[in-house]
Structures are given as structure tokens and as C-alpha cells.
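This is a predicted model, so every value here is computed, not measured.
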Amino acid sequence: LGMFTELKFTVPWGHVAAKAWGPLEGRPVLCLHGWLDNANTFDKLIPLLPKGCYYVAVDFSGHGLSSHRPAGCPYHFLDYVTDMRRVVAALQWRRFTLMGHSMGGAVAGLFCFLYPEMVDKLILLESLGFLLAPEDTEAWLKSKRRVIDRLLSLEAKQETPKARSPEAALRRLLEVNSHLTAESGAILLQRGATETPAG
């Protein structure tokens, strides 16, 4: 398992880089590194692990060979979970093992918590995983999962913005904002809409 291949996954701000070891058809294992580390953190460990697995070690955004997020955008654990959802979607993995070291373990624990149906085993190296007060669990899970799934479905659609006549644009704005008057809607549209040849 000494030989590896470099992988690149497109994300809206660039790409997430990764390296992979083992047979493509092997049991899938996603490996997540710790704070300020990168995928090379697994270089010495992977050759010692079972040979029948396909190990993919990612560089989190802003780490290793992955693109940085745009200036001013924070790096939250939940954003790393969203990135990993993008990666497993690109790999077309439905169910896989997650191995996380330190901060990567916290991200892996959070991923399991949000998407338990996708993870068959969780391996934590020097990490506690993810802890949440029991009374907060259900509402938190629902809202966070909804946010991530909605974002990814919007990205997948990649629709070009619809062009409407000024009248149709105003009608649409008033439909979705029942508290607006036609006058205030028109005022907002002066600055909130851009005229193109199509409308």
C-alpha cells in the first residue's frame, strides 16, 4: 500500500485534494486529518492497515493541496462535514468507514451524528468524536442536516438565474414577501435586480 494516487474534487471555491491507496473496488475508508495537518499524516499508517480497503485521505479546505475558502469565510467543523458530503457524493459512496485523527475525529463524529446511515464504522485516533447535550440533539440534527442537504441540492442544480420582466419580478417578490407593499417591493427591486438582454 505504499503507492498512492492524487485525487481532486471540485467545490464552488476551487477543489478539495486527496490521496488514495489500495484497490478502487476495496472497502471504502475516508481518512480525516487533524488541525493544521494534511493527508500526509496517514502516510506511515496506511501501509500497516488491511490491504483490501480503498483509503481516501483528504486535505481539508485551507490545508495541504486543497483550495482555501474565500477570504473572510470561517472554517467551522460543520463546513468540513459539508465538504466531506461533497467528496463522498463525487466518489459515489453510499456507505463507508470513517477514520479521523484529532480535529478530523471531531468532524468524523459530527458526520456520523448527522448521517448515521452512511457510516458503517467510526475509527477515532486521539479524539472524542462529537458530544452534544441530549435535550438539544433532535432539533440540532434536523436543522443542520436540512441546511447541508439544501445547499448541496442547490449546488447540484446550478441553474442560471431566471430572467423576468420588471412586472413579473415584482409579482414574484411580493409572492414570497407578503409583508411588502407594491411600492416598497419596487424600491427594493431598483437595487436588487439587474437588467440583462433577456429581462
- Task: Rounded to the nearest 0.5 Å, what's the gap from CG on L91 to CZ on R86? Could you check?
- Result: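 One gets 14.0 Å once the value is rounded to the nearest 0.5 Å.
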- Query: How long is the gap from CZ on F113 to OG1 on T137, to the nearest 0.5 Å?
  - Reply: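 Those atoms lie 4.0 Å apart.
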- Task: Could you tell me whether the side chains of Y75 and D83 share a donor-acceptor contact shorter than 3.5 Å?
- Result: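 No donor-acceptor contact under 3.5 Å links the two side chains.
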- Could you verify whether a donor N or O on one side chain and an acceptor N or O on the other, from E183 and T181, lie under 3.5 Å apart?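 The answer is no; no qualifying pair exists.
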- Query: Considering only heavy atoms from C-beta outward, does the side chain of M118 approach that of V88 to under 4.5 Å?
  - Reply: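 M118 vs V88: side chains touch.
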- Message: What verdict does the salt bridge (charged side-chain N to carboxylate O under 4.0 Å, His left out) test give for E117 and R94, after you've listed the backbone C-alpha separation in whole Å, the side-chain angles of each residue and the deciding distance to 0.1 Å?
- Response: CA-CA 9 Å; E117 74 283 3; R94 297 172 66 82; over 6 Å; no
- Do you know which two heavy atoms are closest between H101 and E126, and how far apart they sit?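 Smallest heavy-atom distance, with atoms named: NE2-OE1, 2.6 Å.
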- For this output row, return yes or no: ring centroids of F9 and H15 closer than 6.0 angstrom.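 No, too far apart.
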- Message: Taking CD in E6 as the centre, count heavy atoms belonging to other residues, nucleotides or ligands within less than 6.0 Å. Is the count above 12?
- Response: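 Counting neighbours around CD of E6, more than 12 heavy atoms of other residues, nucleotides or ligands fall under 6.0 Å, so yes.
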- Item | Test applied, side-chain contact (heavy atoms from CB on, under 4.5 Å); reference residue, N38; option that passes from D59, L65, V58 |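 In the set D59, L65, V58, the residue that makes a side-chain contact (heavy atoms from CB on, under 4.5 Å) with N38 is D59.
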- Message: Let's go through Y55 and F96 carefully: what are the C-alpha distance in whole Å and the side-chain angles of both, what is the deciding distance for ring-ring contact (aromatic ring centres under 6.0 Å, His included) to 0.1 Å, and is it a yes or a no?
- Response: CA-CA 10 Å; Y55 300 95; F96 56 94; over 10 Å; no
- Message: Show, in sequence, the C-alpha distance, side-chain angles and deciding distance for F60 and H33, and conclude whether the ring-ring contact (aromatic ring centres under 6.0 Å, His included) test is met.
- Response: CA-CA 8 Å; F60 282 131; H33 66 74; 4.7 Å; yes
